[in-house]
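Remarks on the structure that follows.
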Amino acid sequence: MSFAPKILNWYYEHQRNLPWRETRDPYKVWLSEIILQQTRVAQGMPYYLRFVEAFPTVHDLANAPEEQVLKLWQGLGYYSRARNLHTTAKMVVTDFKGEFPKTYKELKSLKGVGDYTASAIASFCFDVPEPVVDGNVYRVLSRYFGVDIPINSTQGIKYFKELAREVMDAENIRDYNQGIMEFGAVQCAPKKPYCLLCPLQESCVALQKNKVDQLPVKLNKTKVRNRYFNYMVLLDDDGNTVLEQRKGKGIWQNLYQFPLIESGKMLQAEELMPLMLKKDAIPETASLSLYNKEPIVHKLSHQHLHTQFWILKTSDILEEGIPWEGIRDFPVPVLIADFIKTLKI
DNA sequence: AATACGGGGGC
DNA sequence: GCCCCAGTATT
């Protein structure tokens, strides 16, 4: 038996019940795919359920304010996904009359929809014979066929896409694509797959050559940048505080935070004082105290954020202030959300 | 061809 | 501490 039937047989036997597999509604499939980019099913599931409930149709999502979309996305990371999600919802409503396009090419033209996601929607919803190549597929193909070309090299990306196309089952593309990903996620796991119990063991090249733990090959180590954040937590006599929205290019775009003073190293109060004067949001008459003596190190893929929270009590009226409890309505990074939790205790 | 972009979970 | 996760956009 060749590769595809083995995958399909395994899938029919072992598939999990996932809500986005019970529909061909491209809106829901698209939503699930965006949520699941670089995200485990277990982590994405509650977000998917909340999004479907809050926005049952693409029109509901398109009509929502971005802030509500970001708030629902809070904690999931890669926030460009949420912004692109909103952009694409509006695009589908205005440019496609509320109906998702059915071709790979048109789907890929949508913001946040790349090669994988376009193939996924086209094959799952419209039976378009396009192979999906996600992290699971790279792993399964590289092991089963014994391919050691780096999966994140230009050559590797092209090679695996072609290989995936050659071995796919075009007649059952929906189940096949779901199946190979499910097989990678459940059976052919990244670490310590249980090959003794694998129905593909007899023809798996990596297993024959005892190279399962060396495949797939991946290049490039991420190098981490250290940054030093001083968050200024303003509190006036009325219990109001101040938030600012992150603009520009970097992390957490369009999310909210306390007024931030970034520095090249950890600062003492005396070093922070002059920098505060440059920040308009901060009143001059305020008492400064450091909340956490040990910096909180918030770790992202490419950055370690060494963070100090400074409490600034002022008798001034904070013009741009919001009630402390009102913070809950704003989308904030996990770093801020965690701090808010600890402060209230 | 590289790099930026989050956060969580497994070992 | 390191790797990986139903990747995409930008440089």
Side-chain angles (χ1 to χ4, degrees), chain A residues 11 15-16 18-21 29-48 70 73-85 87-88 107-121 123-124 131-140 150-158 160-161 164 174 176-186 188-193 213-225 227 246 248-255 297-305 331-338:
Chain A
Y11 180 59
Q15 62 175 296
R16 296 167 290 182
L18 302 173
W20 46 86
R21 284 206 184 128
V29 170
W30 162 71
L31 183 57
S32 74
E33 292 303 337
I34 303 299
I35 287 174
L36 292 174
Q37 286 169 6
Q38 292 293 286
T39 305
R40 286 165 201 277
V41 165
Q43 190 188 1
M45 179 75 78
Y47 286 85
Y48 172 80
L70 284 172
W73 199 271
Q74 180 178 310
L76 200 52
Y78 285 165
Y79 295 93
S80 66
R81 290 185 292 171
R83 299 189 302 270
N84 289 336
L85 190 81
T87 301
T88 287
L107 286 164
K108 198 169 176 306
S109 76
L110 302 171
K111 280 277 188 194
V113 176
D115 183 20
Y116 162 77
T117 304
S119 304
I121 300 171
S123 62
F124 297 166
V132 292
V133 184
D134 72 336
N136 294 306
V137 175
Y138 280 121
R139 187 169 54 255
V140 172
I151 60 172
N152 55 344
S153 63
T154 303
Q155 190 201 357
I157 292 166
K158 195 176 167 188
F160 281 98
K161 178 87 179 182
R174 173 181 157 98
Y176 170 79
N177 274 344
Q178 295 273 8
I180 188 171
M181 287 193 287
E182 187 80 341
F183 180 79
V186 176
C188 194
K191 285 172 186 170
K192 306 204 171 182
D213 58 349
Q214 297 166 39
L215 294 172
V217 175
K218 198 171 180 179
L219 300 172
N220 303 341
K221 307 259 186 278
T222 61
K223 48 176 181 292
V224 175
R225 172 163 70 119
R227 301 176 72 178
R246 286 186 72 91
K249 287 257 165 217
I251 55 170
W252 302 332
Q253 191 181 120
N254 292 9
L255 272 66
V297 185
H298 189 71
K299 294 179 178 178
L300 308 179
S301 302
H302 295 75
Q303 305 182 24
H304 287 184
L305 307 176
V332 298
V334 166
L335 172 61
I336 301 293
D338 285 349

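Lettering of chains follows the sequences in order, A, B, ..., and the numbering in each one begins at 1. Everything quoted here is computed from the prediction, not taken from an experiment.
Among the heavy atoms of the strands lying under 4.0 Å from A:Lys299 are primed sugar atoms or P, OP1, OP2 only; no base atom is included. Using a 4.0 Å heavy-atom cutoff across all strands shown, A:Ile180 reaches no nucleic acid atom at all. Among the protein residues, A:Val113 comes within range of the sugar-phosphate backbone only, with heavy atoms under 4.0 Å from sugar or phosphate atoms but none that close to a base. Among the heavy atoms of the strands, none lies under 4.0 Å from A:Arg83. Residue contacts for A:Gln303: at a heavy-atom cut-off of 4.0 Å it reaches the sugar-phosphate backbone alone, with no base atom in range. Contacts of A:Thr39 with the nucleic acid, taken as non-hydrogen atoms under 4.0 Å apart, include base atoms. Within 4.0 Å of A:Thr117, counting heavy atoms only, lie sugar-phosphate atoms of the nucleic acid but no base atom. Within 4.0 Å of A:Leu76, counting heavy atoms only, lies at least one base atom of the nucleic acid. Looking at heavy-atom distances under 4.0 Å, A:Gly75 makes contact with sugar-phosphate atoms alone, never a base. If you check every strand for non-hydrogen atoms under 4.0 Å, A:His304 touches nothing. Note on A:Gly184: nothing from the nucleic acid sits closer than 4.0 angstrom, heavy atoms only. A:Trp20 comes within 4.0 angstrom of a nucleotide base, judged by non-hydrogen atoms across all strands.
With C:dT10, B:dG7, C:dG7 as the choices, the nucleotide that has an atom nearest any side-chain atom of A:Tyr116 turns out to be C:dG7. Across B:dC5, C:dA6, B:dG7, the shortest atom-to-atom separation from the side chain of A:His302 is found for B:dC5.
Phosphate proximity of C:dA9 to A:Tyr78: absent, as no side-chain N or O sits under 4.0 Å from OP1 or OP2. Side-chain nitrogen and oxygen atoms of A:Trp252 include none within less than 4.0 Å of the OP1 or OP2 phosphate oxygen of B:dA4. Taking only side-chain nitrogens and oxygens, A:Lys223 comes nearer than 4.0 Å to OP1 or OP2 of B:dT3. One finds a side-chain N or O of A:Arg139 lying less than 4.0 angstrom from the OP1 or OP2 phosphate oxygen of C:dC5. Between A:His298 and B:dG7, a side-chain N or O to OP1/OP2 separation shorter than 4.0 Å is present. Distances shorter than 4.0 Å separate some side-chain N or O of A:Lys249 from OP1 or OP2 on C:dT11. Between A:Gln43 and B:dG7 there is no side-chain N or O to OP1 or OP2 distance below 4.0 Å. Contact check, A:Gln38 against C:dG7: a side-chain N or O comes under 4.0 Å of OP1 or OP2.
With the nearest nucleotide of DNA chain B identified for both A:Leu255 and A:Asn152, A:Asn152 has the one nearer the 5' end. Both A:Val41 and A:Leu110 lie near DNA chain C, and the one whose nearest nucleotide falls closer to the 5' end is A:Val41. Both A:Asn84 and A:Arg21 sit near DNA chain C, but only A:Arg21 has its closest nucleotide nearer the 5' end.
Looking only at atom types and distance, the side chain of A:Arg81 has no donor-acceptor partner in the side chain of A:Asn84 under 3.5 Å away. Side chains of A:Tyr116 and A:Glu33: a donor on one and an acceptor on the other come within 3.5 Å. A side-chain donor from one of A:Thr117 and A:Gln37 sits under 3.5 Å from a side-chain acceptor of the other. Using modelled atom types and a 3.5 Å distance limit, the side chains of A:Arg227 and A:Gln303 yield a donor-acceptor pair.
The nearest whole Å value for the distance from the CG atom in A:Leu36 to the P atom in C:dC5 is 13 Å. Straight-line distance from the CD atom of A:Gln253 to the P atom of C:dA9: 14 Å, rounded to whole Å. Put simply, CG on A:Leu219 is 8 Å from P on B:dA2, counting in whole angstrom units. Here the C1' atom of nucleotide C:dG1 and the NZ atom of A:Lys191 are 10 Å apart, to the nearest Å. Atom NZ in A:Lys218 sits about 15 Å away from atom P in C:dC2, given to the nearest Å. Between A:Arg40 atom CZ and C:dA6 atom P there is a gap of 6 Å when expressed in whole angstrom units. Remark: C1' of C:dC4 and CG of A:Asp213 are 16 Å apart, rounded to the nearest angstrom. Rounded to whole Å, the distance from CD1 on A:Ile151 to P on C:dC4 is 8 Å.
Among A:Pro193, A:Cys188, A:Pro216, the single residue meeting the side-chain contact (heavy atoms from CB on, under 4.5 Å) criterion with A:Val140 is A:Cys188.
Comparing the same atom, C1', in B:dG6 and in C:dC5 gives a spacing of 12 Å after rounding to whole Å. When the C1' atom is used for both C:dA6 and B:dT3, the distance is 22 Å, rounded to whole Å. For the P atoms, the distance linking B:dG8 with C:dT8 amounts to 22 Å, nearest Å.
A donor-acceptor pair under 3.5 Å is absent between the side-chain atoms of A:Arg174 and the main chain of A:Ser123, judged by distance alone.
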- Task: With side chain to side chain contact (heavy atoms under 4.5 Å, CB included) as the test, would you mind laying out the steps for A:Ile151 and A:Val133 before giving the verdict?
- Result: CA-CA 10 Å; A:Ile151 60 172; A:Val133 184; over 6 Å; no

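Under the Watson-Crick or G-U wobble criterion, with both distances below 3.5 Å, B:dG6 has no partner in any strand shown.
Using the six-membered ring where Trp is involved, A:Trp252 and A:His298 have ring planes that are tilted, between 30° and 60° apart.
Contact annotation: side chain of A:Arg81 to base of C:dA9, donor-acceptor pair absent below 3.5 Å.
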